[in-house]
Each structure stands twice: as C-alpha cells, then as structure tokens.
Asker: 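Attaching a single structure in structure tokens format; questions to follow.
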Number of protein chains: 2
Amino acid sequence: MGAIHGTAKSVTSPLDDRPRVRNAAVTREAILAAAWRRFLNESYDNVGLRDVAGDAGVDVALVSRYFGGKEGLFRAVLSHGKEEKFDGLTDAGALAARLAAMATEQAPDEDGHNMERLLIILRSASSPVASSIVRSAFSADVLEPLAALIGGEGAQQRASMAMAVMMGTAIMRSIMAVETVCEGACRHDVARRIERLVKVALEEDKPSY
Amino acid sequence: MGAIHGTAKSVTSPLDDRPRVRNAAVTREAILAAAWRRFLNESYDNVGLRDVAGDAGVDVALVSRYFGGKEGLFRAVLSHGKEEKFDGLTDAGALAARLAAMATEQAPDEDGHNMERLLIILRSASSPVASSIVRSAFSADVLEPLAALIGGEGAQQRASMAMAVMMGTAIMRSIMAVETVCEGACRHDVARRIERLVKVALEEDKPSY
DNA sequence: ACCAAAAGTCATCAATTGTTGACGTGGGCG
DNA sequence: CGCCCACGTCAACAATTGATGACTTTTGGT
C-alpha cells in the first residue's frame, strides 16, 4: 500500500473557511508553514502533497505549481529562514551550554527553530530523493559553520562529533520516543550531561586521558 | 510518484539462475537475508517487496505468503539472530571501549551484525508503520539490556545517553555520509573520542565539576 | 467599468505499491 | 510407480502518489 501518510486531520489551528484572499505571497507562505509542520513530524516519503495542501487550505496543484514539485517544496522548507545564532560564542564552554540548551528545550520557543530544522533533516535523511538535499543542507548550514566557529586542529571532525551528540539526543527524544528527559528537576541534570558530552566532543586534543 | 525504490539492480552477489530447489526453509532464509540487506540501506518505505523478492530470486507473492506481509517481514528481520554480546563486560571502561569499537568498525565483521541492526532501526525509525516495531525492538533488545548491565542510579537515562552517542555517530557515518572517520591513523583517534563520549554518557554521577 | 493577467480549481493521468486468489508443478511418502 | 500436498508462479486488483493541462474566478490598473 506504499507509504501511509499522516492523518488527514489538520494539524494546524482551525483553518479559516473564509474564502482566502488571492495573494500569491501569502498562499506560498501558508503552504510553506504547513509543509514545515508536516516534514517536522513525518519523513519525506510519508508527507503527501495533499496533506500539506489540506493543512494550508489550498488545492494540491498549487503546491507543485509554486514550488515546482515535492522536491522543490522540501528544498524550500529547508532553506526557510536559516540564520545561525552562534555568533558571539567564541568560548567553547558557552557554546556547549548553548547546544545543550537547544537539545533539551521541548517548547519550540524562538530558538526551537534551529532544533526543528535539525529534526526535519533527521527525519528525511533516509529518503533517496531527499537524502542528497538533506546532506548538502546539513553540511553547508550546520556542520561547516560550526567547524568554522570552533577552530583548531580537526575542527571538521570535532564539529561532526558534537553534531552526532545533538542528533543522537534528538533521535532519542523525538523519534525513538525514549523519555530520557523527565519532567522538571532531572531535566536539568540531562542538560548538564549533554553539555558535558558536547564539551568532550569539541575538545581540541586528548588532554589528560 | 510515491516512494522511489532502490535500483532494481541486485545488491546481492550474482544470484544463481539455477532453478532453486523447492525448500521452504531455504527460501525463507534467502528472503530474510535479502530483506536484511535492503532494510540496511533503505528506509522501510523505500524497500519494495519486489526488490527483496528479486534479490532473493523468488516471486513477490512468496514474501507476503511467508511473512504475512511487509510488516511481518520487517518484524522478522529485526528479530533475526539477536544476541547481545555484552555478557562479561561489567567494567564501565571495557564496555565503553567495546561500544566505541562497534561504532567505528566499518567492515561488517562478526560483530557488525549488532551495528547493522542498529542502522536498520535507525533507517526506518520515521516510518509510521515501522516506528512502533522499531521502538519496541530498540527498547527491549538494546536499551533495557544495556540499562540492566550498567547499574546505579538512573541507569535507563545513562544507557539512553550512551545509545544517543552510538546512534549519532552511526547517522553521521552511514546516513549523512559525513567522513568523520578517515582512513588509517586518525580512525583510531575517532575511536578513542567516541570511547570517551560513551564513558561520559555512562558516568554515574557528576564527579568533580 | 473593462479586460488581461494572475491565482485558484477540477479532473485526470501514469506509475507504483502491497496483497490476494487461482493456477501449475515438483518432490517425498506410501 | 503414483499420488497428493506443499512449494512456487502468474496475473490481476484496489489504493495512493505526484504531476499536468484545461478551465474558472478574482484582482488591479487604466
């Protein structure tokens, strides 16, 4: 039966049945927002254009028309509002704390966007058509900036290690549904542990051993 | 066009065109082996029963007939030959070294089986029908045994963290195709770093800090 | 107010997918 | 040797998927 798509039930807030004003930019954004939410919760293959269109309250044809097909839509989602916020963090410790905070926050606040994008990347990493897009986006938008930020020997490798920790925790929490992060108090413990992990991953050289 | 399946090109060694002897057990095993290889390289949705049947050199109908459908086949693959080999490792350091070795070995030698199963789990973790199977298998066959092996406070959480490191490195290497592990010499460095990461993840309590 | 172009809708297509039933056929046991 | 049931094959089906071309409706400028 092929890929089973998500429930047709709208994930968005109760979409207005009022006839949408004809504005290409607004419609495009609506589609993009709906696609973002879909790709965040399901893999590339399991996101149907009809689901996205339904959430956005538009016809299926518009999706292909505006984004040139499913692949274009996915590409647009990954390219949507990408700004790295690790600007001023030159200190390795502060950077680690920042990453740990990103990994443990569950309410998709402001910065949740970056983590959400990481999750989107993760979800569709094993879909043949999406994998190439995902890999290049991950390398260009995440890995290389991080490697450039931290300097030193083997920056690329250390950055990869840190992202491995991030990816791993993300998988555990959001995909494997393992409740590593319990409520309240112990959550802080987990955050500290992740922080230590990231720090070790970023360490320039094996110091004491 | 739905999920694009892998190339019809056989992944197996040149399959014998000699008329297969009629033996249910042998055929079942052939299908299982072919399915293992397919699920190892593609996600649940992107593995077609026709691909598996083609690799095994049998008809498509036999797959559904023997395993009761695609879902049953996937379940059978995950349940195939699962033996944990962390038996005698009571020392946290030795365990970490073992896990790091598992994560860095690229030739699927003897123990590669365990890592391969982890990769199969990882690949299909985002497929609605496979996710439930994958999660329970991961919890029952990987997480809980590891948590039981290491003792102490919050064993479940520490085990999850260690597996997060394992999953993360696996993703980086096999899915994201990030070349964290270079040839020869530096590979050992990576192994040591992973070993340290696993050790930190398994640490019972924040010692100095 | 008109009219061209943009924005949106509808219907339909080709391609795959997993699954099932009816139909051959070969091999082991009496 | 002969039969019969398990083993295997073939063909077809229903369901979805992404995509596209023709058609309708609205918008905005003059």
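Just so it is clear, the model here is predicted, and its values are computed rather than measured. Within every chain, numbering begins at 1; the chains are lettered A, B, ... in the order of the sequence lines, protein sequences first and strands thereafter.
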Asker: Using a cut-off of under 3.5 Å, enumerate the N/O to N/O pairs linking the protein to nucleotides 21-23 of chain D.
Answerer:
| unit_1 | atom_1 | unit_2 | atom_2 | d |
| --- | --- | --- | --- | --- |
| D/dA22 | N6 | A/R65 | NH2 | 3.4 |

Asker: Rounded to the nearest angstrom, tell me the gap between atom CZ in A/R38 and atom P in D/dT17.
Answerer: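 In whole Å, D/dT17 P lies 11 Å from A/R38 CZ.
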
Asker: So, B/S126 and A/R123: side-chain donor and acceptor under 3.5 Å apart, yes or no?
Answerer: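 A pair is found: one side chain offers a donor N or O, the other an acceptor, under 3.5 Å apart.
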
Asker: Quick check for you: among C/dG8, D/dT9, C/dG18, whose closest atom lies nearest to any side-chain atom of B/L49?
Answerer: C/dG18

Asker: Report the distance from atom CG of A/D59 to atom C1' of D/dG18, rounded to the nearest whole Å.
Answerer: 13 Å

Asker: Using whole Å, report how far CG of A/N46 lies from P of D/dT17.
Answerer: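 In whole Å, D/dT17 P and A/N46 CG are 10 Å from each other.
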
Asker: Across the strands shown, which category fits B/V63 at heavy-atom distances under 4.0 angstrom: base, sugar-phosphate, nothing?
Answerer: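 No contact at all - B/V63 keeps every heavy atom at 4.0 Å or more from the nucleic acid.
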
Asker: Could you tell me whether A/E71 and A/R75 make a salt bridge, using a distance below 4.0 angstrom between a side-chain N and a carboxylate O?
Answerer: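 Salt bridge between A/E71 and A/R75, a charged N being under 4.0 Å from a carboxylate O: yes.
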
Asker: Nearest-Å distance, CG (A/L62) to P (C/dA11)?
Answerer: 15 Å

Asker: Which heavy atom of A/R158 sits nearest to which heavy atom of A/L202, and what is that distance?
Answerer: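 Taking A/R158 first and A/L202 second, the nearest heavy atoms are NH1-O, 2.8 Å.
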
Asker: What integer distance in Å separates A/K70:NZ from D/dA19:P?
Answerer: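 Those two atoms, NZ and P, are 8 Å apart.
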
Asker: Ignoring backbone atoms, test whether A/Y66 places a side-chain nitrogen or oxygen under 4.0 Å from the OP1 or OP2 oxygen of C/dA7.
Answerer: no

Asker: Starting at CZ of A/R50 and ending at P of D/dG18, how long is that distance when rounded to a whole Å?
Answerer: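 Atom CZ in A/R50 sits about 7 Å away from atom P in D/dG18.
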
Asker: List the protein contact pattern of nucleotides 24-30 of chain C with one symbol per nucleotide (5' to 3'): B for base contact, S for sugar-phosphate-only contact, - for none; contact means a heavy-atom distance under 4.0 Å.
Answerer: BBS----

Asker: Minimum heavy-atom separation for B/S43 and B/S124, please, with both atom names.
Answerer: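 Taking every non-hydrogen atom into account, C-OG, 3.7 Å.
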
Asker: Round to the nearest Å and state the distance from A/E71 atom CD to D/dT17 atom P.
Answerer: 19 Å

Asker: Please check the phosphate of C/dG8 (OP1 and OP2 only) for any side-chain N or O of A/T27 closer than 4.0 Å.
Answerer: yes

Asker: Do side-chain atoms of A/K70 reach the backbone of A/V47 as a donor and acceptor pair under 3.5 angstrom?
Answerer: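 A pair under 3.5 Å: yes.
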
Asker: For the pair A/R173 (side chain) and A/T104 (backbone), establish whether a donor and an acceptor sit closer than 3.5 Å, ignoring hydrogens and angles.
Answerer: yes

Asker: Between A/E42 and A/R38, is the closest basic N to carboxylate O distance under 4.0 Å?
Answerer: yes

Asker: What are the two closest non-hydrogen atoms of A/I121 and A/M167, and how far apart are they?
Answerer: CG2-CE, 4.4 Å

Asker: Between B/G69 and A/A25, which residue's closest nucleotide on DNA chain C lies nearer the 5′ terminus?
Answerer: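 It is A/A25 whose nearest nucleotide is closer to the 5' end.
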
Asker: Over how many whole Å does the gap from A/F67 atom CZ to D/dT20 atom C1' extend?
Answerer: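 Taking atom C1' of D/dT20 as the reference, CZ of A/F67 is at 18 Å.
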
Asker: Taking all non-hydrogen atoms of both residues into account, name the closest pair between B/A140 and B/P145 and its distance.
Answerer: O-CD, 3.2 Å

